[in-house]
Amino acid sequence: MDKIIDFGLFAERLAGAADRGRWVLLREVQRELGYEEPGGEPLITRQGEAPGFEPGDDVPAALVEWWDWHGNSFAYRPRLYWTHPHWPPSAPEAFEQPSDDEIRVIMSEYQYVHQWGYFVSEAEQWPDPPVWVNTSDGWVVQSDSISEFFLQLAAERLPAHFWWTMRVEREHVDDAMVDRLRANYREMGLPPWQEMATDALSYGGPDVIIRHGRGPGADYALVVHARTRDGLLQALGTLGVEWTDKDIQSPGETPTPVEDLPAFVPAADPRWEVGSTSAALAIPTIPQVSGPEALANHTASAADRDATVVVAGDAGGDVHFWTVDGSRSGSRHLHHAPVTAVTAHRSGTGVLLWSGDADGVLRYWTGSDVVARVPFARRRTPVTALASAVLETGPAVAAAWREGLVTIWDVHTEARADLRLGTGIESLALRADAALHVTTEHGTTELRLDVNALWPDRDFFRRVHEVEWDGLRTNHGPGYEVPDLLTTLTTGDEEAAQKAVKRLYELLVSKHAENTAAAAAVPFLAERMLVPTNRAHNTLLLLIADIANGPGAERDAVIAALPSLRHFTDEEHPGNIRWAANELVTICGS
């Protein structure tokens, strides 16, 4: 956990926000609340909402800036908010306009009970006008500006996803508890949040935000959010709130931890042999081509193994490439931070270009007009080196992060191997014979990789990705989430595996409608049950059992897999596993 953040001082930060730029404080607060900027492309854009619409004088400049700003967490992850955007700004639905002006709505509450917007007359006067909200008393001011509204919306929504939370119902909150709230915590300087008749005022303290719902519609008079469980318990003790473990909601998402590794020291591992510790650096020489030398703010460059393609990155986040024969070139804005490393390799008749940045985002590009919207990988520390090559198994890419972790992927299957080599890595080089050259300030070390040991689940990944999941149905639409969840089950991270099982349960278990993705997933789920290193045995077996309750081919798929799973009823297995296996046998009727 980073240093303690005192949200009791938020009012002072808010007062100075205008002098620092319109979105600086919002970006800081998003990160403090646990949101990590994912990189890649936004899921929604104003052009996507209304293609070709050009804002006029009645659309505030701040609203246009918010839509186009790459730090906009709503545009990248709208499901964090459960609200509906309005672009272009529109007249209120089911609510009267003020008699002497017009409202333009910019956001609606998820059930469309409340709508937030601005007065046209104020938009014509100021680039960042106040935001109003409809209440039982008519339209009232919600936030002093559009930029403050989106800051307040983030403070309302994000803690429930990333922090520890307890909600205290009205009947359990008395005047003495409210007095303790006011005595120990400070108002954050934001206007009361108006939604569902809650009239909620926010208070802050060290690593804690407390919302006091004062209106008649507030189901919870207090909502306490804290960055840590201990911080939450301390706040509950200060307020005098009684609690049990079931009252406390843990974070729905936790940030990927940064590795705490020592400096790189060559060491043997079952996945590689240490070769020469003074190996010659195997990075391909960059040929002379027109273009890179004229590139402004150049930060990184590389060539493919045969020196036919040159790729470069710059401080603005752009990636450029040139073929040596002059037949092709191109540029794309792929990053929102300076590019720190690039690599390229040819695969068949095409080329793959990889780039990493100072925010830890890894992206790839074939030089075509189509770029994957989502980054290939991301960590919370800068990418320091990249390398790629075509191995006997196919294309592979290796990335080093400043924390000392090196990850190597089999590109076709996305099977990965994490090598905790240590910090200080300055460059990587990967040869076709699977030799990885690691360079630090002390020299270059050759690691001779065993690809079978490196990716023991590669064949599983390949077979998972051969299924056309997008054409199969889950409880929530096409099955595009399923393959990544199945491959997550191969990780040694128990928390990640358990979260994957939970999400698969939401997608695949249905007693009423046939779930074609479930039928296709069952053989893979059963296969993971037979892997001793599986970290989610009990919940995974229950998932398979509950899929068997489905009305279609998914039940037949489970029955077909039953012979390989029946042995989990034997006494040699733990009690929870035997219980789950007996449930499976019972449900299957045998």
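Note that the structure is predicted; figures quoted are calculated from it, not measured.
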Can we say [X] and [Y] salt-bridge, meaning some charged N sits less than 4.0 Å from an Asp/Glu carboxylate O?
{"X": "Arg77", "Y": "Glu253", "result": "yes"}
{"X": "Asp410", "Y": "Arg458", "result": "yes"}
{"X": "Arg13", "Y": "Glu32", "result": "yes"}
{"X": "Arg22", "Y": "Glu65", "result": "yes"}
{"X": "Glu446", "Y": "Arg448", "result": "yes"}
{"X": "Arg462", "Y": "Asp457", "result": "no"}
{"X": "Glu527", "Y": "Arg463", "result": "yes"}
{"X": "Glu156", "Y": "Arg211", "result": "yes"}
{"X": "Arg31", "Y": "Glu37", "result": "yes"}
{"X": "Arg46", "Y": "Asp68", "result": "yes"}

Ring-face cation of Arg528 near Phe460 (centre distance under 6.0 Å, axis angle within 45°): yes

Reference residue His320; test side-chain contact (heavy atoms from CB on, under 4.5 Å); the match among Asp314, Val339, Val311: Asp314

Full working for salt bridge (charged side-chain N to carboxylate O under 4.0 Å, His left out) between Arg20 and Glu28: CA-CA 12 Å; Arg20 302 172 60 205; Glu28 290 177 354; 2.2 Å; yes

Do [X] side-chain atoms and [Y] backbone N/O form a donor-acceptor pair below 3.5 Å?
{"X": "Glu403", "Y": "Glu259", "value": "yes"}
{"X": "Arg332", "Y": "Asp369", "value": "yes"}
{"X": "Arg363", "Y": "Pro375", "value": "no"}
{"X": "His465", "Y": "Val467", "value": "no"}
{"X": "Ser355", "Y": "Val342", "value": "no"}
{"X": "Thr323", "Y": "Arg328", "value": "yes"}
{"X": "Arg379", "Y": "Leu405", "value": "no"}
{"X": "Asp207", "Y": "Ile5", "value": "yes"}
{"X": "Thr299", "Y": "Gly313", "value": "yes"}

Worked check of salt bridge (charged side-chain N to carboxylate O under 4.0 Å, His left out) between Lys499 and Glu494: CA-CA 9 Å; Lys499 284 184 177 180; Glu494 182 175 0; over 6 Å; no

Are the side chains of [X] and [Y] in touch, meaning some heavy atoms are under 4.5 Å apart?
{"X": "Pro251", "Y": "Phe162", "value": "no"}
{"X": "Val265", "Y": "Leu421", "value": "no"}
{"X": "Asp450", "Y": "Leu454", "value": "no"}
{"X": "Arg380", "Y": "Trp401", "value": "no"}
{"X": "Leu525", "Y": "Leu489", "value": "yes"}
{"X": "Val309", "Y": "Leu353", "value": "yes"}
{"X": "Val351", "Y": "His345", "value": "no"}
{"X": "Arg420", "Y": "Asp418", "value": "yes"}

Derivation and outcome, side-chain contact (heavy atoms from CB on, under 4.5 Å), residues Leu14 and Leu151: CA-CA 10 Å; Leu14 185 63; Leu151 172 65; 3.7 Å; yes

Derivation and outcome, side-chain hydrogen bond (donor to acceptor under 3.5 Å, both in side chains), residues Arg402 and Thr423: CA-CA 6 Å; Arg402 183 180 293 171; Thr423 60; over 6 Å; no

Ring geometry between His336 and His70 (parallel below 30°, tilted from 30 to 60°, perpendicular above 60°): parallel

Aromatic plane relationship, Phe74 with Trp66 - under 30° parallel, 30 to 60° tilted, over 60° perpendicular: tilted

Trp455/Ile408 under side-chain contact (heavy atoms from CB on, under 4.5 Å): CA gap, chis, key distance, verdict: CA-CA 9 Å; Trp455 302 307; Ile408 306 178; 3.7 Å; yes

Glu36 atom CD: more than 12 heavy-atom contacts under 6.0 Å: yes

Chi angles and distances behind the salt bridge (charged side-chain N to carboxylate O under 4.0 Å, His left out) call for Arg186, Glu12: CA-CA 11 Å; Arg186 296 180 61 192; Glu12 288 81 350; 2.8 Å; yes

Aromatic contact between [X] and [Y], with the criterion being ring centroids under 6.0 Å apart: yes or no?
{"X": "Tyr480", "Y": "Trp469", "answer": "no"}
{"X": "Tyr35", "Y": "Trp163", "answer": "no"}
{"X": "Phe321", "Y": "Trp365", "answer": "yes"}

Within the 3.5 Å criterion, strictly below it, is a donor on [X] or [Y] matched to an acceptor on the partner's side chain?
{"X": "Tyr81", "Y": "Ser73", "value": "yes"}
{"X": "Gln498", "Y": "Thr539", "value": "yes"}
{"X": "Thr444", "Y": "His437", "value": "no"}
{"X": "Asp318", "Y": "Ser331", "value": "no"}

